[in-house]
Amino acid sequence: MERRHLIVLFAVAVASLGCLEARLFWLQVVEYGEYEQRVKARRFVRIVEPPRGPILDRNGVVLARDERAFALDVSLEDFAKDERAAGRLAALLERPEAEVLDRIEGLVRQMNRIAARRPEREHQAIMRREFRTPYPLYKHITFEQAFAIELNPDAFPGLVVREGRRRYYPEGAWAGHLTHYLQAITAEDRDAMLASRAGLERLDGAIGVEGVDALASRGAFDEWTVGRGGIEQQYDARLRGKPGLVLVEKRRREDPIEVELLPVEPGEGVTLTIDIEVQRAAMAALGSSRGAVVVMDIRDGSVVVMAATPTFDPNLFIPPVEGNPFAAIGEGSPTLNRAIRYPYPPGSVFKPVVALASGDASRLVHCDGVFEGRDRNLRCMGTHGDMAMVEALSRSCNEYFYTLGAELEVPAMAAWAIRMGFGTPAGVDLPAERDGLIPRRGRFDIAAMFAIGQDKVLVTPLQVARAMAFVANGGRLVRPRVTLLQEPRVDLNPLLSASLLEPVRRGMISAVESGTARNTRLRDFRVAGKTGSAQTGGGRPTHAWFGGYWPHDDPAYAIAAIVEHGGHGGDVAAPLAEAVIRAMESP
Amino acid sequence: MRLREVPWRLVGAALLLSAIGLTAIWYLWPPNPSKSGVLGSTFIRQVIFVGAGAVLMIVAALPHPAVVRRGSYLLYFAGLVTLGALLGYVDPMRGTRGWFAVGPFTVQPAEFMKLAAVLALARFLSYGRWKDGARGFVGACVLAAVPAAMIVMQPDLGSALLFVPILLAMLVTAGTPRRYLIGAAAVLAIAAPIAFYTVLMPYQRDRIVAYVKPDAVSKDQRYQTDHALFATASGGLLGRGLGGSAASYPFYIPDRHTDFIFSAIGEELGFAGCSLVLLLYAVILYELFRIAWVTKEPFGRLVVVGVAALLFSQVMINVGMTVGVLPTTGLTLPFVSYGGSSLVTCFLAVGAAIGVARHKVQTLRRGS
């Protein structure tokens, strides 16, 4: 090996370093002015909020969408120079001047917090920088106000109008429980999002984690809205989309240039399985009473109607919120979706469960109106004579079921109840579904009361619909869904045979034709069902229930209806169900 | 301990560069114990890395080059095994399989592999009649290509690219006939466009496209490089003063303390500061070549040349990227950037060169 090669290598290396040095000279000495200009130019990165996806019913009717709204940002350096600017702004927005000044003070406090994170010597430079940066001042101004500000920049220095969006629910209260509403993100949620970086990956990739955090400390995420309840919450990530980034560069005496740094990804829509027209009819049929109606497809669990009253208008909750919306929507917990969040005692609609548990359709029980329990006597609503299962279901004979219950005891019946989906949330894709309650122990009188759906049994209307579907589709437990996004799930119950189901079905058909639900036109639609009148104690009227499916020769849908303290199931709930079914079946 | 033989200027330049790096990191990320704990602070960690590096530099300088030579292939294969394990077993973090965690620290085997490859190549090319022939040439190429390929699969194009100048410099030093080198250059020229479309990942391709045709690439992909450039240029002659960079931006340039630390130096210390840094690297380069010049022993000479090529290429690529002369790669600036593996590797490399210097067989002077 020869040493002269080393000289060649060394020469190449030195020459390369020389080139770099020359380039540095060019950048930092010769072109310095140009770059200094660019750095001195005000440059900000702004987060662009994505448009939120719409919520549609099964036929494409819009239940929730965005509409245009305007927001106001302020760059304090220019705004503070004009003493009367705050007053003029307050006058335009028709707010007290003190409020405007208060908000400005809040922004300055925020800037001080940002500066406090860096060493003392940088504070001045940081405050100067923050004063130049636009901060959100008002989230909602009207089109006219935005127009006025844009047209008169001299009167409103340092104010920038930002076009944004606002959520609107065209169907209002009809679909209130389903859509629910949006709420401003809480500080905890925002901090949790920043800690986990969920949904921020694209932003982090573009301007770095520190960049995103810097934007966050400036309040970029404070105005974000998050779904609270219902579909808005359940599918919030999908509806929200992904934010984008815009780089705004403003050189002196020039118009600002906006460059898209990261494109926005609009939120995707969610289509429900609900049919809003039938939903409206169901709500109208419920009227001013409190209760719920659920209609469900028995094959894939798609919920066509989930009506609950009282209801509420979610538009009242969309910022800017005037006063306390909870005060405005009235009493009776209107935001509570009674179809899934309020467990009731089922009363006689529970009897099909016990019938399946017993499995003996031909067994005769003599009903004389009084069942002699161990500790006391229990009443039946009438004296029905010798009863087999079909008749007992049709006429809803209590004594028959007291007898069955005392023999089977609670654990055996509870097992069937659980098999049919009671006692656990049905798994619909809405938040906060309740599970109800199925006691697991009890004998003698307690078991007897259990058998007629009293004692401590609690169920939701959705669970009742699901149980009716179970009977209708041959013993399959379907998982209900309100959107097409949740995969249908059907569990085939292997223990069920046709011979077990047949008498229960016949009993329910009979109930509609000649039994407790005969005073309706339900038979016109070939409905099979069971009424219920659940005791609630305290001398108040019973809850009126009806649960069933139709058409009974080729079942397609299951229905459950309840009217709180409505009285007798056959008189109140069955006609309600009929009205809903009629609305469904009419073209 | 022949202290006179230790190239003190080399040690001094390396430590001075580390000090500059620490200063820049201090101002970029002041330690905030309340927020992330003492060990979480970037500055403190870099202090630990520099300390460890200096110690390891001394350790690497102790053994006689013959001892190092004997362990070369072992180190090389150990490196290959580690890289292979990374590719095979470790889940991608942040999209790459380039590092794994050891306690609170992360280790990047690719960095150490570079040095191990230098040692292995030095041993391979130092003795043997066939080294001047085709077998020597091809063997050396394979020796370099295998770890390079594994690193490309991580994917880490930047580190893999370093193997080219390292191999080239060592081949030239070893006396490879020119025709082989020209042939290799021709192969590379043909392979490069093919590799561009087949081997490179989309974002790596984008980086090169962004360099060649800036308008063809969307703004967010050029964000980092553009702003690093502005930052560097805006320092002017003397810079904004220490600490001047963090306050001027309402947002941060990602990776300012690692890949783009030169932009921070440019902004805070200006042309003067940048020139100082380049001067220090020139000093290191000079010292290394001086050692190579006076070392007669082939293995030692090759090691020093390899180390020089390793450090120098990395400096060129990193600074070139920051000033917009080269496309973006993920390479750090030796001794200055934050990063344990990189720092330790550089110190080990310098330590190996010092070892050669200390044990050198003096070349015979003419006439004595």
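To find a chain, count down the sequence lines: A is the first, B the second, and so on, and within it residues start at 1.
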TODO: Indicate whether the side chain of A:S75 and that of A:D78 have a donor and an acceptor atom separated by less than 3.5 Å.
DONE: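 Note: A:S75 and A:D78 side chains miss the donor-acceptor criterion.
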- [ ] Please flag which part of B:F312 lies under 4.5 Å from any non-hydrogen atom of chain A: side chain, backbone, both or neither.
- [x]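 Contact with chain A involves the side chain of B:F312 alone.
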TODO: Please flag which part of B:V323 lies under 4.5 Å from any non-hydrogen atom of chain A: side chain, backbone, both or neither.
DONE: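 For B:V323, backbone and side chain are both near chain A.
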Task: Any residue meeting side-chain hydrogen bond (donor to acceptor under 3.5 Å, both in side chains) with A:Y135, in chain and number order, not counting sequence neighbours - done: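 With neighbours one apart ignored, the set is A:E130.
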Open item on the list: Just so I understand: if I count every heavy-atom pair under 4.5 Å between each of B:V315, B:L285, B:T322, B:V305 and chain A, which residue has the most?
Closed with: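 The candidate making the most pairs under 4.5 Å is B:L285.
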Task: Pairwise salt bridge (charged side-chain N to carboxylate O under 4.0 Å, His left out) hits with a residue in residues 307-325 of chain B, at least two apart - done: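 Every candidate salt bridge (charged side-chain N to carboxylate O under 4.0 Å, His left out) pair involving residues 307-325 of chain B fails, so no pair, neighbours aside, qualifies.
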Open item on the list: If you compare all heavy atoms of B:A140 against all heavy atoms of B:L125, which two are closest, and at what distance to 0.1 Å?
Closed with: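 Shortest heavy-atom separation between B:A140 and B:L125 comes out as CB-CD2, 4.0 Å.
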